[in-house]
Amino acid sequence: MKIFLASIFILLSISIFAQKTYSTKTGQISFDASATVDIKAVNNQVDSKFIDNTGQMIFSLLIKSFKFANGLMEDHFNENYMESTKFPKADFKGYITNIASVNFSKNGTYSVNAEGTLTIHGVAKKISTPGTITVSNGKVTIKTLFKIKLKDFITGSYIGSQIAEEAAITVNCEYQ
Amino acid sequence: MFNHKKNIIFTILIFAITLVQISAKAQNKKGKKESEKNSTKSKQTTTVDTTIKTSGDLFAELDQQNASNKQSETDLTTATFKTTRLINGHSIENVAKGLLDVKISHRFGTLNEGAYAIWGLDAATMRMGVDYGITDRLMVGIGRSEYQKTYDGFFKYRILRQSTGKVNMPVSVSYVASMHWKTIHFDATQNDIVHYTDRLTYAHQLIIARKMSDYFSLQIVPTLVHYNNSAPLNKYSNDYYSVGIGARQRITKRVNLTAEYFPRITKLDGYVNSFSLGLDIETGGHVFQLNFSNSTGINERAVINETKDKWEDGGIHFGFNIARVFTIKKAKKLGW
């Protein structure tokens, strides 16, 4: 009996210390680059994963899956700015730097920091952003809002002042 | 099929289009080189990243996925043409679901009217119409042209969509059915027919299109135009066949050169083939189309079968189409 209890204890402790990969294929990333007109789009098919003990995380999405309210704007976005046939994907590779402060077995909202490389339109750029991890009965949600300078990723002409210089990017991903 | 003068005009046009294509290709190459530079940059930064942190298995997974994913997803080709009309005729494009597209088209008089009539700008005919996307595959539209006081209605259905990746489809195919009702007053001298059904015509078109590259798209449009009663024009047949050809060549990111030609296989006497050249200019919310054509009317019957003016005589009409898109029904999944 003692051996039985001990082995259960050992098994439990292994499972506690083993690393877990959280993943989703239906994460949501939206952006807002509105200046004088509404330029907003949302992508509901974001592929994302992270590992709970190392804090390593990835985000990947198809540019064409960004949906606009205005179809013509969507065409412009794909053809003229993002050149989505040439650069079909955007991704992020990075780490949650303070992952140790998150207790995945306790419900709550934890402030975290992420650092890594964001690649859009074939251009890689290092970014760092604060965000939150919410743990709720085993479900983990990562939220963040950060801004990028469009000029860093896309060169070329803009339509006057209709597009903002910076795009606000909102990430909202629920992991399993 | 063509006389000598026509041949010369077409050779010049084809030559001009090829020149533009060559220059566009050169531009394309430049862009590629720049993108290659960028991608080497990105490689450098990621290697720096992985050396800082040790375990890189998610990154490797993503790289692998990126390399193999191309086959596991279907990439639908979009924006083969800029709008739902090429110049006078339909293009392969549909308006998206829930969008209302208000179109106003003008065709002026002919250039050979000279300075007195300011090269045709004194006279103008127009068509006002609305198109609506019921689904992403089905659109409907109605319109009214001043030319012969014609009402028209149509529906267009996407049968196939060009795509790469998991589903590899070389062409897009759509079917357009339209109906035109000429309501201009009965004119006794023309021996016209009184009953309204006798003044209805129908067009059935199959549009087969391919986006060859980001810069060049081509479509072929087999067409049947049916006249309920063609007696005043031709005593023998009600059905007339033609095969339209249309193309778009992107010149800059916002300007496209378009061309449209409708050679007729069976013909009504006294009319010529319609040929049009146009420029599609994109602005923020809409596409502005300028064009030169020997057709005055803006429906399939008037353009394909009843074009009277000749390019070689200067019978060229300047015209433009403007369109404004309104969102009637918002897509459900947009989460803001």
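Because the structure is a prediction, the values reported are computed rather than measured. All chains are named by letter (A, B, ...) in the order of the sequence lines, taking the proteins before the strands, and each is independently numbered beginning at 1.
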Can you see which heavy atom on A:Asn80 is nearest to which on B:Glu282, and at what distance? ND2-OE1, 3.6 Å
Restricting to non-hydrogen atoms, name the atom on B:Asp75 and the atom on A:Lys64 that form the minimum distance, rounded to 0.1 Å. OD1-NZ, 2.8 Å
Taking everything shown except B:Met128 itself, do over 12 heavy atoms lie less than 6.0 Å from its CE? no
Around atom CD1 of B:Ile322, are there more than 12 heavy atoms of other residues, nucleotides or ligands at under 6.0 Å? yes
In Å, rounded to the nearest 0.5 Å, how long is the span from [atom1] of [X] to [atom2] of [Y]?
X	Y	atom1	atom2	answer
B:Leu58	A:Ser60	CG	OG	12.0 Å
B:Phe59	A:Thr117	CZ	OG1	7.5 Å
B:Arg250	A:Glu79	CZ	CD	5.0 Å

Between B:Glu61 and A:Lys49, is there a salt bridge with N-O shorter than 4.0 Å? yes
Could you list the residues that satisfy ring pair (Phe, Tyr, Trp, His ring centres under 6.0 Å) with B:Phe288, not counting sequence neighbours? B:Phe320
Output yes when a side-chain donor or acceptor of A:Lys93 lies under 3.5 Å from a complementary backbone atom of B:Leu62, and no otherwise. no
Would you tell me whether A:Thr85 and B:Asp214 have side-chain atoms, one donor and one acceptor, within less than 3.5 Å of each other? yes
Tell me, side chain or backbone of B:Ala79 under 4.5 Å from chain A's heavy atoms, or both, or neither? both
Portion of B:Thr77 that has a non-hydrogen atom of chain A nearer than 4.5 angstrom: backbone
Between B:Arg254 and A:His76, is the side-chain contact (heavy atoms from CB on, under 4.5 Å) condition met? List the steps. CA-CA 9 Å; B:Arg254 310 208 165 272; A:His76 275 279; 3.2 Å; yes
A:Thr21, part contacting chain B, at a heavy-atom distance under 4.5 Å: side chain
Can you tell me which of A:Asn172, A:Thr170, A:Asp91 forms the most heavy-atom pairs within a distance under 4.5 Å of chain B? A:Asp91
